[in-house]
Amino acid sequence: MFLNLLYDSFDFKSWIILFFLFLLLADIIKNRSPSNYPPGPWPLPFLGTVFTKMDFRSMNKLAEVYGNIFSLRVGSEKMVVVSGYKMVKEALVTHLDSFVERPHVPLFHKIYKGIGLTMSNGYRWRTHRKFGGLHLRLFGEEKKILENNIQQESVYLCDAFKAEKGPFNPMTILNGSVSNTVACLTFGQRFDYHDEYYQRILRLDNECVQIAGSYRAQLYNVCPWLLDYFPGPHQTMFSNYKEITGFLRGEIIKHKEDWDPLNPRDFIDNYLTEMEKKKSDPEAGFNIEALVISCLDMIEAGTETSASTLRWGLLFMIKYPEIQKKVQEEIDRVIGQSRQSCVADRADMPYTEAVIHEIQRFGDVVPLGFPKSSAKDTKLGEYFIPKGTSITTNLSSVLHDPNEWETPDTFNPGHFLNENGQFWKRDAFLPFSAGKRACLGEQLARQVIFLFFTSLLQRFTFSKCPGEELSLEGELWFTNVPCPYRMCVTSR
Ligand code: HEM
């Protein structure tokens, strides 16, 4: 009777309004925050804080307003952003087991499917991380294979620089050479800088890293079910990854043909052996699909990051020729001109070590780290963060924290030197993040950067092209990369 009355007294428009009010109420109830949840900008109904750009500059501005722990909402996904050394350390180190999961980010899930090294969780991630770490240690540090490969690659790198006629942009050569150090570990071979197919794979991957940081591609995370049917940068990303994983599948097939478990040549061979061993443990997730994604993880996490660091490095050397000169003086004193640099030289080269650390601090290549989520309810600072909340650790705010660095916004190798000119390790130096999810390739990256950087400065002097301005402003991809620049290279 009451329902009939209601039905008769409502016209179509009123029903629409009622339906909308119902959806609005459901949205408010579904997304209501628990007490003591971090503050943040007011979210729009249904969409959340979708108009907030997810880059480190916007995050820094919001931290000034809401403090070092604040919240956002993308669609109905709750997200907390943590800034400054003290709070980031508390999140990653004090609460070691809290923020160790990766959240479900539709843009990445479509590609990584929650398997492999970087985007997996739980037991599957633990077994893959252990396996990946063991491989890097065995082939890298213990057998010295890695150091030899990097030294060999630095010869190709210097030759390629020497072969350039006139000013040039170092991006393609650096990407090729850095990716070869990872390729040696993963596929057991390097690729020529003129190998068109491999260079195309690197270009496609580069484009993906660039697109992944764009606002338009991130909109995909708000309504993937809809945008799957529309063109846009996300579709370019998906088709690029299809081609890249096709290449990786091809490499795996070739490896299977002459795989000898007693003589593993690289990551793929070791993974195939691990697949056999783990046959009775399907939960560990060692299978061909996860191998493809793990190979992608290695190439992707290892190439863009280290190559951009080196590009920043050369740019800073051009901007600050007096620092470049001091590095070259140390190289001449410790290594000389007749032999190649080796990892052991690091201990005798405090100034160069300080310059490389400052390049990483100021270059700030992975400003927001990789996304994480809370594995359990956690009290962070004075706030409550429920299980399942996405967490972004603003590593850029750590590397520029005014409480930790004497001159945070100036390129100053003195940050890493004590009063006796010895290298000074700083706690707030976290470009590789910290805690259980910290970068797996830190040691590899540090060796590549040191050996390439010293080889280049041993053989060349870098300078600005007459009439061309150089900018220290970065371009925001998923990573923070230098704007494209050209340089003049003179043999020493
Ligand atoms: C300068 C170079 C590099 C920088 C700045 C860097 C930085 C990072 C950062 C910030 C993370 C995220 C950590 C987190 O979630 O808290 C990460 C993760 C990772 N990195 Fe690196 N990285 C570099 C080079 C490499 C290299 C050379 C490799 C290996 C080939 C590598 C492999 C990985 C992997 C596998 C992860 C995921 C770890 C996990 O989820 O457990 N990275 N890296």
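Small disclaimer: the values here were computed from a predicted structure and weren't measured. For ligands, and for the atoms within them, numbers begin at 1 and follow the listed sequence. Just the heavy atoms: all of them, side chains too, but no hydrogens, waters or symmetry mates, feed the values below.
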Discussion item. Under a 3.5 Å threshold, yes or no: a donor from one side chain and an acceptor from the other, between His95 and Ser374?
Written reply: no

Worksheet item: Which is closest to atom 30 (C) of ligand 1 in terms of heavy atoms, Arg102, Lys372, Met298?
Response: Met298

Fill in: Lys130, NZ: over 12 other non-hydrogen atoms inside 6.0 angstrom
no

Discussion item. I want to know if ligand 1 touches Lys436 in the polar sense, i.e. an N/O pair below 3.5 angstrom.
Written reply: no

Response to the item:
If you scan protein heavy atoms around atom 27 (C) of ligand 1, the nearest is Gly302 CA, 3.4 Å

Worksheet item: Under 4.0 Å from any heavy atom of Pro431, which atoms of ligand 1 are there?
Response: 5 (C), 7 (C), 10 (C)

Worksheet item: Among all protein non-hydrogen atoms, which one is nearest to atom 21 (Fe) of ligand 1, and what is the separation to 0.1 Å?
Response: Cys439 SG, 2.3 Å

Worksheet item: Taking all atoms of both residues into account, what is the closest heavy-atom pair of Met54 and Leu72, and its distance?
Response: SD-CD1, 3.8 Å

Worksheet item: Which of the atoms of ligand 1 are close to Trp125, meaning less than 4.0 Å from one of its heavy atoms?
Response: 39 (C), 40 (O), 41 (O)

Discussion item. Under 4.0 Å from a heavy atom of Leu395: which atoms of ligand 1 are those, numbered in the order shown and with their elements?
Written reply: 10 (C)

Worksheet item: Just wondering, more than 12 heavy atoms not from Glu406 lying within 6.0 Å of its CD?
Response: yes

Discussion item. Testing Phe416, Phe429, Tyr85 one by one against Trp405 for a ring pair (Phe, Tyr, Trp, His ring centres under 6.0 Å), which residue passes?
Written reply: Phe416

Item to complete: Validate the cation-pi geometry between Lys278 and Phe286: distance from NZ or CZ to the six-membered ring centre under 6.0 Å, angle to the ring axis within 45°.
Response: yes

Worksheet item: Can you tell me how far OH of Tyr193 sits from CG of Leu157, rounded to the nearest 0.5 angstrom?
Response: 5.0 Å

Worksheet item: Would Arg265 count as a cation-pi partner of Trp259, with NZ or CZ less than 6.0 Å from the six-membered ring centre and within 45° of the ring normal?
Response: no

Worksheet item: Under 4.0 Å from ligand 1, counting heavy atoms only, is it the side chain of Thr393, its backbone, both or neither?
Response: neither

Worksheet entry | Distance-only donor-acceptor check, side chains Ser179 and Tyr198, under 3.5 Å | yes

Worksheet entry | Arg426 atom CZ, over 12 foreign heavy atoms within 6.0 Å | yes

Worksheet entry | Where ligand 1 meets Ala445 - atom numbers and elements under 4.0 angstrom, heavy-atom basis | 2 (C), 24 (C)

Practice prompt. Note the single closest protein heavy atom to atom 29 (C) of ligand 1, along with its residue, its atom name and the distance in Å.
Written response: Gly441 CA, 3.8 Å

Item to complete: Just let me know how Ile449 lines up against ligand 1, side chain, backbone, both or neither, with a heavy-atom cut-off below 4.0 Å.
Response: side chain

Discussion item. Closer than 4.0 Å to some heavy atom of Leu117 - which atoms of ligand 1 meet that?
Written reply: 39 (C), 40 (O)

Discussion item. I'd like to know whether ligand 1 has Leu444 as a neighbour, heavy-atom separation below 4.0 Å.
Written reply: yes

Worksheet item: What residue and atom, counting heavy atoms only, is the protein's closest point to atom 36 (C) of ligand 1, and at what distance?
Response: Leu440 N, 4.1 Å

Practice prompt. Starting from atom 1 (C) of ligand 1, find the nearest protein heavy-atom neighbour and note its residue, name and distance.
Written response: Thr309 OG1, 3.5 Å

Worksheet item: What residue and heavy atom of the protein are closest to atom 18 (C) of ligand 1, and at what distance?
Response: Phe370 CE2, 3.3 Å

Worksheet item: Counting both backbone and side chain atoms, is some N or O of Gln360 under 3.5 Å from an N or O of ligand 1?
Response: no

Item to complete: Test the Arg216-Tyr220 pair against the cation-pi criterion, namely NZ or CZ under 6.0 angstrom from the six-membered ring centroid and within 45° of the ring axis.
Response: no

Practice prompt. Report yes if some N/O of Ser306 lies less than 3.5 Å from some N/O of ligand 1; otherwise report no.
Written response: no

Discussion item. Is Ile299 close enough to touch ligand 1? Criterion: a residue heavy atom under 4.0 Å from a ligand atom.
Written reply: no

Discussion item. Considering Arg126, Arg446, Arg129 one by one, which has a heavy atom nearer to atom 39 (C) of ligand 1 than any of the others?
Written reply: Arg129

Worksheet, complete the sentence: If you scan protein heavy atoms around atom 33 (C) of ligand 1, the nearest is Ala301 CB, 3.5 Å

Worksheet item: Hey, are Thr186 and Asp266 close enough side-chain-wise for a donor-acceptor pair under 3.5 Å?
Response: no

Discussion item. Give me the nearest non-hydrogen protein atom to atom 23 (C) of ligand 1 as residue plus atom name, then the distance to 0.1 Å.
Written reply: Thr305 OG1, 3.4 Å

Worksheet item: Is it true that the NZ or CZ of Arg437 lies under 6.0 Å from the centre of Phe370's six-membered ring and within 45 degrees of the ring axis?
Response: no

